Amino acid sequence: MRCIGLEMKKNLHWPYVLLSVAGIACLGFCGTVFDPSGAQTTLFGLARQIHEGGIIPDISMSVPVIWQQGLGSWLALFAPLLVSFGYIVTLSSERQNGQMKFELIRGGNFRYSVSKAVSGALFSGVMFLAGYALFGLLLKLFFPAFSSFGEEQQWFYLSFYPGNSVILFCIYRLAGAFFFGVFAGVFGIGVAVFLEDKYMLICLPFLLNYIYQQVLQKAVAGKYAAGAESAAWLESFYPASFANLSASRYWAVPVLVLGLIYCGIVLAFWIRLKRGRVF
């Protein structure tokens, strides 16, 4: 635990943290929604229309509803790059300046590999949680509050929220954002085990995530094309599904698989450390 705490402190370098958090919040506004005319627009565009008086907002444009919709394709695509950026740069610097050898002598190969993987997962989760929370706070500047609408309108959405409470809904979304960040970080952390070039490490998480999503989308489309009524198991592995916290097996199993992948990363890192191939 002490090693994990020390690794977390290394990753929390403020320029990288600010870049990640601000990037996540900005990409949230790039999520697409439909305006009252049925045209597709971004949250930036919808906020501008409301500000200019072009549309009169209804409860579907209130902060909690829009906040949930902000976890769109752009954010899901670039999240692996943003959440693991600080981790990748820190690990790359350790390899180049010789600090890794000192850490290995002091803590040992297995402890170092475990602390690196666990701290990377926690760091990724915290980064996305912070960015998603900032995105929600910024929405309050541009979109109407949920409480500003009538009780009948509120009840329709409250019936879908945990405990019929906006506060519980926000807690669930923040917890879900943490798990989404842990998922997004697996691409950068996994790549960092095998590669050392800083620029390749920054680009590859985004590319691997894109390939993952494309393969998954084609698999889902192929299942429906074959006449299947449901592709729930495949759809549960979509990135956004990790943010939908629930007691369902369609959420628990993908999270368990993610945990096993992180265990595999620890094992791969430990083997490479034993063979001296990471510095």
Side-chain angles (χ1 to χ4, degrees), residues 4 8 20-21 24-25 27-29 31-33 43 59-60 62-80 82-84 117-140 143 146 154-189 209 212-213 216-217 220 230-263 265:
I4 292 171
M8 282 291 290
S20 297
V21 172
I24 291 166
L27 280 176
F29 280 96
T32 55
V33 292
L43 293 184
I59 195 169
S60 66
S62 61
V63 173
V65 180
I66 293 294
W67 190 41
Q68 187 172 9
Q69 296 178 7
L71 191 58
S73 57
W74 288 109
L75 193 52
L77 187 63
F78 285 98
L82 291 170
V83 299
S84 60
V118 173
S119 67
L122 293 176
F123 175 75
S124 299
V126 169
M127 286 300 96
F128 194 84
L129 188 156
Y132 194 63
L134 176 61
F135 167 58
L137 292 175
L138 292 175
L139 287 176
K140 295 175 70 69
F143 293 92
F146 187 78
Q154 291 182 36
W155 181 249
F156 174 78
Y157 285 94
L158 286 173
S159 62
F160 296 102
Y161 293 166
N164 299 330
S165 168
V166 174
I167 294 176
L168 278 177
F169 165 76
C170 292
I171 293 173
Y172 268 68
R173 290 304 296 177
L174 290 174
F178 174 81
F179 280 101
F180 181 93
V182 173
F183 164 77
V186 76
F187 296 98
I189 297 169
N209 180 44
Y212 170 80
Q213 293 194 46
L216 195 57
Q217 287 175 12
V220 171
S230 173
W233 277 113
L234 287 173
E235 291 171 345
S236 67
F237 284 88
Y238 277 126
S241 298
F242 286 86
N244 298 325
L245 221 65
S246 74
S248 168
R249 64 184 185 276
Y250 294 113
W251 182 82
V253 171
V255 171
L256 177 61
V257 171
L258 180 62
L260 292 175
I261 292 172
Y262 270 106
C263 289
I265 289 174

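Along the sequence shown, residues carry numbers from 1. Given the structure is predicted, the values throughout are model-derived calculations rather than measurements. The figures here come from the full heavy-atom set of this structure, side chains too, leaving out hydrogens, waters and symmetry mates.
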Compare every heavy atom of I24 with every heavy atom of L75, then report the nearest pair and how far apart it is.
-> CD1-O, 3.6 Å
Output yes when a side-chain donor or acceptor of W74 lies under 3.5 Å from a complementary backbone atom of G28, and no otherwise.
-> no
Which heavy atom of W251 sits nearest a heavy atom of N244, and at what distance?
-> CD1-O, 3.3 Å
How long is the gap from CG on L139 to CG on L43, to the nearest 0.5 Å?
-> 7.0 Å
Locate the shortest heavy-atom distance separating A121 from I189; write the atom from each residue and the value.
-> N-CD1, 3.4 Å
The reported gap from CG in L71 to CG in L27 (rounded to nearest 0.5 angstrom) is 11.0 Å
For F146, enumerate each residue passing the ring pair (Phe, Tyr, Trp, His ring centres under 6.0 Å) test, keeping only those at least two apart in sequence or located in another chain.
-> none
Which donor-acceptor pairs under 3.5 Å do side chains of residues 155-171 form with protein atoms, sequence neighbours excluded?
from: S159; atom 1: OG; to: F156; atom 2: O; distance (Å): 2.6
from: S165; atom 1: OG; to: I167; atom 2: N; distance (Å): 3.3
from: S165; atom 1: OG; to: L168; atom 2: N; distance (Å): 3.3

What pairs with Q217 under side-chain hydrogen bond (donor to acceptor under 3.5 Å, both in side chains), at least two apart in sequence or on another chain?
-> none
Looking at residues at least two apart in the chain, or sitting in another chain, which of them share a side chain to side chain contact (heavy atoms under 4.5 Å, CB included) with V118?
-> I4, V114, L122
Closest heavy-atom contact between I59 and S62?
-> O-OG, 2.7 Å
In short, L138 meets A25 closest at the heavy-atom pair CD1-CB, 4.3 Å
Heavy atoms, side chains only, cut-off 4.5 Å: are L216 and Q213 in contact?
-> no
Mind listing the side-chain donor-acceptor pairs of residues 231-241 below 3.5 Å, one per line with the distance, residues two or more places apart or on another chain?
from: E235; atom 1: OE2; to: Y224; atom 2: OH; distance (Å): 3.0
from: S236; atom 1: OG; to: W233; atom 2: O; distance (Å): 2.5
from: S241; atom 1: OG; to: E235; atom 2: O; distance (Å): 2.9

Donor-acceptor contacts under 3.5 Å from residues 123-133 side chains, at least two apart:
from: S124; atom 1: OG; to: G120; atom 2: O; distance (Å): 2.9
from: Y132; atom 1: OH; to: W67; atom 2: O; distance (Å): 2.6
from: Y132; atom 1: OH; to: R173; atom 2: NH2; distance (Å): 3.1

Can you give the donor-acceptor pairs under 3.5 Å from side chains of residues 174-184 to other protein atoms, not counting sequence neighbours?
none

